[in-house]
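One structure is given here, and the rest of the page talks about it.
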Amino acid sequence: RPEWLNRSGILKEESDTGSAYYVFNDHAVLDVAPEYVGYREYTDEQFDYNWRAREVDDPNLEPDWSDKQAFSYSIAAVASFVNWGDDFAKDTAFEKKQLTYLSFEDADASAKKMMELLHLSGYELTWALDMDLDRIKALGKEYNEYWYESGSGFTNSPRYDYDLATVEDEGYYLIYTQTSAAGLDETQGSASFFITSRGIVYAEIRCYYMMGEKAEAPDTLITSEKAVERLHEEVARSRNSEKVVQVKTVELTYMPIRAENKRDGMVFAPVWKVTYVDESGEKKGFDSWAVFNAVNGKLIDAIFQ
């Protein structure tokens, strides 16, 4: 229901099979699909999406007018960049459980309430960042330097002056993931929120698989030792055939795989996820992984495939 995120009323609505697109009276936008929910705030202004490309590459490029993101959206983008971004943000960590008008506990409760309404289960908070006024200004300045001045980044998005932020802009950026799943990008559900004292002002929720009825329950699973044995076998026959130097973790979890009976489509199956270090990883300082079917021991996926 759109009013779960915005009560200003709906200005425009478009719908297709299983999907919908809403524009609210305050210009916020909600995208809904079976596997995705996206909510962002915009203004009644527009900006030329080609402005930067025109300055740098092609002075004859025609304008491409787009709705301008609200300040809340730009702050959420800064916080998101800290999570996956460059060196300027690598030492940024969660610090404050209380902002001027919002506590971490209340923000966490708002996010969990939304996930409950969307019938999402098995999600746990895996990353959080407090965006107080000082942090918005400091990170915003470095964000601008990275994207607009350093030459390392390039974006056509409009530039914002984060020194104009007020305490009303403070909030928490929270990321929840399906930590019980195997953790591979294409199978893991995630829910990201930026929450201020006004409530949820930004949300991006992706969940490509939903639990259905139980297909079958295996009587036994292969042991973790057998999974490690299978790892050595598969690494030895892989094209790189590098030796396993160290097995770091062996985790019993689950992931979606093709059902043995194709009429059943995809099923969530128990798997052993093995994290290890091979010869190249030992030299370069990175881990490798492989996932084995915990019922029959077959290799499902691995970094060396």
Side-chain angles (χ1 to χ4, degrees), residues 4-6 26 28-30 37-43 69-118 120 122-148 150 152-153 155 157-179 183 188-207:
W4 289 346
L5 285 160
N6 190 307
D26 63 1
V29 169
L30 173 64
V37 173
Y39 176 74
R40 297 168 175 83
E41 295 187 328
Y42 289 84
T43 71
Q69 302 97 318
F71 201 31
S72 60
Y73 190 173
S74 71
I75 296 172
V78 173
S80 175
F81 191 70
V82 174
N83 178 245
W84 60 266
D86 212 303
D87 288 343
F88 82 77
K90 67 180 181 180
D91 295 324
T92 305
F94 184 92
E95 293 178 353
K96 296 182 178 180
K97 285 196 171 185
Q98 180 64 55
L99 302 176
T100 305
Y101 297 125
L102 179 69
S103 70
F104 167 75
E105 288 76 12
D106 287 343
D108 181 50
S110 294
K112 288 178 177 176
K113 178 62 176 178
M114 181 55 60
M115 289 188 288
E116 180 183 340
L117 290 171
L118 295 173
L120 298 178
Y123 285 69
E124 297 180 14
L125 181 67
T126 51
W127 193 81
L129 188 65
D130 49 308
M131 295 291 286
D132 68 357
L133 187 58
D134 290 339
R135 178 164 281 176
I136 290 172
K137 293 180 178 181
L139 287 179
K141 178 181 178 181
E142 296 193 51
Y143 181 85
N144 281 343
E145 288 177 352
Y146 176 84
W147 287 109
Y148 302 104
S150 68
S152 298
T155 178
S157 296
R159 179 169 179 157
Y160 295 84
D161 184 355
Y162 295 95
D163 282 337
L164 299 178
T166 68
V167 291
E168 284 78 12
D169 297 311
E170 294 181 337
Y172 289 95
Y173 193 91
L174 309 175
I175 299 178
Y176 303 80
T177 54
Q178 286 179 305
T179 54
Q188 188 175 36
S190 65
S192 303
F193 302 93
F194 185 54
I195 303 172
T196 71
S197 58
R198 294 190 289 111
I200 295 173
V201 297
Y202 170 92
E204 186 168 61
I205 302 164
R206 300 179 186 275
C207 182

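- Residues Ile75 and Asp169 are in side-chain contact: their nearest non-hydrogen atoms beyond the backbone lie under 4.5 Å apart.
- Taking 4.5 Å as the limit, some side-chain heavy atom of Val82 sits within range of a side-chain heavy atom of Trp127.
- The shortest non-hydrogen separation linking Gly171 to Leu102 is CA-CD2, 4.4 Å.
- A centroid separation of 6.0 Å or more is found between the aromatic rings of Tyr172 and Phe193.
- Here the NZ atom belonging to Lys97 is positioned 10.0 Å from the OG atom belonging to Ser103, to the nearest 0.5 angstrom.
- Around CZ of Phe94, the count of heavy atoms belonging to other residues, nucleotides or ligands within 6.0 Å exceeds 12.
- Proximity of Met131 to Lys96: side-chain heavy atoms (C-beta onward) are nowhere separated by under 4.5 Å.
- The line from CG of Asn83 to OG1 of Thr92 is 11.0 Å long, rounded to the nearest 0.5 Å.
- Counting all heavy atoms, side chain and backbone alike, Ile195 lies closest to Ala107 at CD1-O, 3.2 Å.
- Aromatic ring centres of Tyr148 and Tyr143 lie farther apart than the 6.0 Å criterion allows.
- When side chains are defined from C-beta on, Met114 counts as touching Ile200, because their heavy atoms get closer than 4.5 Å.
- Judged purely by atom type and a 3.5 angstrom limit, Tyr123 has no side-chain atom pairing as donor or acceptor with the backbone of Gly189.
- For the pair Ser190 and Tyr176, the minimum side-chain heavy-atom distance is 4.5 Å or more.
- No side-chain heavy atom of Tyr39 sits less than 4.5 Å from a side-chain heavy atom of Glu204.
- Ring pair Tyr146/Phe81: centre-to-centre distance below 6.0 Å.
- One finds the CG atom of Leu164 at 8.5 Å from the NZ atom of Lys137 (value rounded to the nearest 0.5 Å).
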Could you please spell out the steps behind the side-chain contact (heavy atoms from CB on, under 4.5 Å) verdict for Leu174 and Phe194?
CA-CA 6 Å; Leu174 309 175; Phe194 185 54; over 6 Å; no
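- A donor-acceptor distance shorter than 3.5 angstrom exists from the side chain of Asn144 to the backbone of Tyr160, with no hydrogens or angles considered.
- In plain terms, the two heavy atoms of Gly140 and Val78 that are nearest each other are N-CG1, 4.3 Å.
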Can Leu125 and Phe104 be said to form a side-chain contact (heavy atoms from CB on, under 4.5 Å), step by step? CA-CA 12 Å; Leu125 181 67; Phe104 167 75; 3.6 Å; yes
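- Considering only heavy atoms from C-beta on, Ile175 comes within 4.5 Å of Thr177 through its side chain.
- No donor-acceptor pair closer than 3.5 Å links the side chain of Asp130 to the backbone N or O of Asp132.
- Between atom CG of residue Asp161 and atom CZ of residue Phe71 there is a gap of 7.0 Å, rounded to the nearest 0.5 Å.
- A distance-only check finds a donor-acceptor pair linking the side chain of Ser110 to the backbone of Asp106 [under 3.5 Å].
- A side-chain donor from one of Tyr73 and Arg40 sits under 3.5 Å from a side-chain acceptor of the other.
- Between the side chain of Ser80 and the backbone N or O of Ala77 there is no donor-acceptor pair closer than 3.5 Å.
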Evaluate Glu41 against Arg198 for salt bridge (Lys or Arg N to Asp or Glu O under 4.0 Å), listing each step before the verdict.
CA-CA 12 Å; Glu41 295 187 328; Arg198 294 190 289 111; 2.9 Å; yes
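- Of the inter-residue distances, the one linking Glu170 atom CD with Leu133 atom CG reads 5.5 Å to the nearest 0.5 angstrom.
- Looking at heavy atoms from C-beta onward, Arg135 lies in side-chain contact with Leu129 at the 4.5 angstrom threshold.
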message: Evaluate Asn6 against Asp26 for side-chain contact (heavy atoms from CB on, under 4.5 Å), listing each step before the verdict.
response: CA-CA 9 Å; Asn6 190 307; Asp26 63 1; 3.1 Å; yes
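- Across all their heavy atoms, Ala70 and Thr43 have their closest contact at CA-CG2, 3.7 Å.
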Do Ser192 and Tyr173 pass the side-chain contact (heavy atoms from CB on, under 4.5 Å) test, and can you show the C-alpha distance, the side-chain angles, and the key distance before you say yes or no? CA-CA 7 Å; Ser192 303; Tyr173 193 91; 3.7 Å; yes
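- Nearest heavy-atom pair, Tyr101 versus Glu168, reported as atom, atom and distance to 0.1 Å: CE1-OE2, 3.8 Å.
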